[in-house]
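Data first, discussion second: the structure below is written as structure tokens.
Quick caveat: nothing in here was measured; it's all calculated off a predicted structure. Below, read A as the first sequence line, B as the second, and so on, with proteins coming before strands; counting in each chain starts at 1. Only this structure's heavy atoms are used, side chains among them; waters, hydrogens and symmetry mates stay out.
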Protein chains: 2
Amino acid sequence: MTILQSASILRVVNEALDSTERLLAASGLARASAALTSSLPEQISTRLSERIVAGSYKPGQRVMEQALAAEFAVSRGPIREALRMLERDGLVTILPRRGAIVTDPSIAEVKEIFDVRAMLNGLRDRLLAEDPQRATVLAVLEPEVARLTRFARDAKKGREYVEAVWTINRLLTEACPNTRLKKILDSFARQTLRYSQLGLSTPQRRRESVQHWQQLVEAIRRGDGAAAERIARERVTDSRDGAIKALQQAARPEAVPKMPKSA
Amino acid sequence: MTILQSASILRVVNEALDSTERLLAASGLARASAALTSSLPEQISTRLSERIVAGSYKPGQRVMEQALAAEFAVSRGPIREALRMLERDGLVTILPRRGAIVTDPSIAEVKEIFDVRAMLNGLRDRLLAEDPQRATVLAVLEPEVARLTRFARDAKKGREYVEAVWTINRLLTEACPNTRLKKILDSFARQTLRYSQLGLSTPQRRRESVQHWQQLVEAIRRGDGAAAERIARERVTDSRDGAIKALQQAARPEAVPKMPKSA
DNA sequence: CTTTGTAGGATTGTCAACAATCTTGTATCC
DNA sequence: GGATACAAGATTGTTGACAATCCTACAAAG
């Protein structure tokens, strides 16, 4: 509800994410889905998702087929498919006979996304901890967590820290032995990027975060699936609370623009 | 892998499900998504999913756009969209430039689906237990679980039992306060129906199942989220093991039809 | 001054045809 | 005899145009 009229919680998020586009490019998420498969709809979907995550398409904004078709020099067919893909990933909302608009989630909905993510990441990390072949993943995972430790100490390295967390998450999802879960996580990855960084703003939070990651690696190494799941869930839940707090503080200034009866 | 050549584990499943079509019609899953929205692709997708779940479309079978377009007296456009929806729900697999085939999951993949479902149902039931307004759901839930108890005693009422379980699951998902989770669960519902009934074949299993449901209702009533989650996960995990066992036994007779060099 | 009805433009939903690619069957060569 | 190359048919990917619906602005009535 209130998709069109809401106060655009994500606008304030996007203003804080000037480096998101770079991050997306470096993440490999784009290349993994677009370059390998030369599918036209997928390429378009990827490019559009970059714009939404980076904030050049504002929440609530309409996304019209004809305009995109003209811009990408392509028919409306592939555009339609791309928009359905984005809808599946929760980046746009398609209203029947009225087209697509960039999703503008309420704080409650952001919380919902984190809750689901906590479960999915919990399962992912548990399965990984119980995987006999987990050593190969740990080999690339551990140096990355070490990098994290370095960035956490330095208060200035906020961007690097976020990128490192993103990379770790990508490695873990990539290694997930459950293909169905992997699909869902991939679908979540895009929208996750929209606000996952929000909770890591303070050095305090980052120190806690790095501890969680270290504990997680430890749990995976000793094959303790239950612990891995618990830690992963705690981590995402903490991240959720940080993000919610940041969103609530950010949303407060724009107080109650409800029915501006007269200017 | 081995999508086209596999021994069609689900064929044996489908043979056991002569009443699935009726179940689907009674479930409201069809009506909920098809009748309300007069969207042509959605209607088609629903009808196709019924055929796949009921088994009139065999696993591995190709599903071609032109044929469906002719049958439904519609262009290929809506058919394409319907097939993408089915792909999203895991009922068909779309190979680029080669079209769609009915998904033919391996036993390992069925296990994967159950694992994800265990997590999602766990979250769903925990959220419901922590929902202050859960009383209204419990009011309709409890008589349904009571029905379950009756069917569990009678060894003949296998079909009724399965239908009742399905109804309960639908009620719980419907009441889920997390809209994002609800979407994913809806997407899982169709493919779940394909083999969820497999684990409930023996009266022994059914008695255990009914106990789980009673405990779950109890946990929800007293607002014990952690317990509700634990019970839900156990329930799905048990169901998983039952289904896997049934699949393995069913698959054994058709032993190794590998390279039939000569007839 | 507000509300309701209506006409125009804009946008999505659907269709049928064209282009690109894949599969299958056949003939040829080693 | 078996493998490979080629050609014909079949099928998906894409396109541009038409139909149905929705939004906006304006006018008229209360």
| Taking only residues two or more places apart in sequence or in another chain, which ones pass side chain to side chain donor-acceptor pair (under 3.5 Å) with B:Glu87? | none

| field | Side chain to side chain, B:Gln43 and B:Leu40, heavy atoms closer than 4.5 Å | value | yes

| Contact boundaries on DNA chain C for chain B, cut-off under 4.0 Å to non-hydrogen atoms | C:dT14 to C:dT23

| Contact check, side chains of A:Ile44 and A:Pro78, non-hydrogen atoms, under 4.5 Å | yes

| chain A footprint on DNA chain D, 5' to 3' - any atom under 4.0 Å from a heavy atom | D:dT14 to D:dC23

| field | Electrostatic pair B:Lys111-B:Asp115, nearest N-O below 4.0 angstrom | value | yes

| message | Would the distance check show the side chain of A:Glu65 and the main-chain N or O of A:Arg80 forming a donor-acceptor pair, the cut-off being under 3.5 Å? | response | no

| field | Toward the 5' end of DNA chain D, by each residue's nearest nucleotide, A:Arg97 or B:Met64 | value | B:Met64

| Looking only at atom types and distance, does a side-chain atom of B:Ser187 sit under 3.5 Å from a main-chain N or O of B:Lys183, one as donor and one as acceptor? | no

| message | Can you list everything that forms a side-chain contact (heavy atoms from CB on, under 4.5 Å) with B:Met85? Sequence neighbours excluded, please. | response | B:Pro41, B:Ser45, B:Glu81

| Looking only at heavy atoms, which two atoms of A:Gly60 and A:Asp104 are closest? And how far apart? | N-CB, 4.0 Å

| Which of residues 65-90 of chain B have a heavy atom under 4.0 Å from DNA chain C? | B:Val74, B:Ser75, B:Arg76, B:Pro78

| note | With sequence neighbours left out, the residues meeting side-chain contact (heavy atoms from CB on, under 4.5 Å) with B:Arg47 are B:Arg51, B:Phe72

| Strictly by modelled atom types, are A:Glu109 and B:Thr179 linked by a side-chain donor-acceptor pair under 3.5 Å? | no

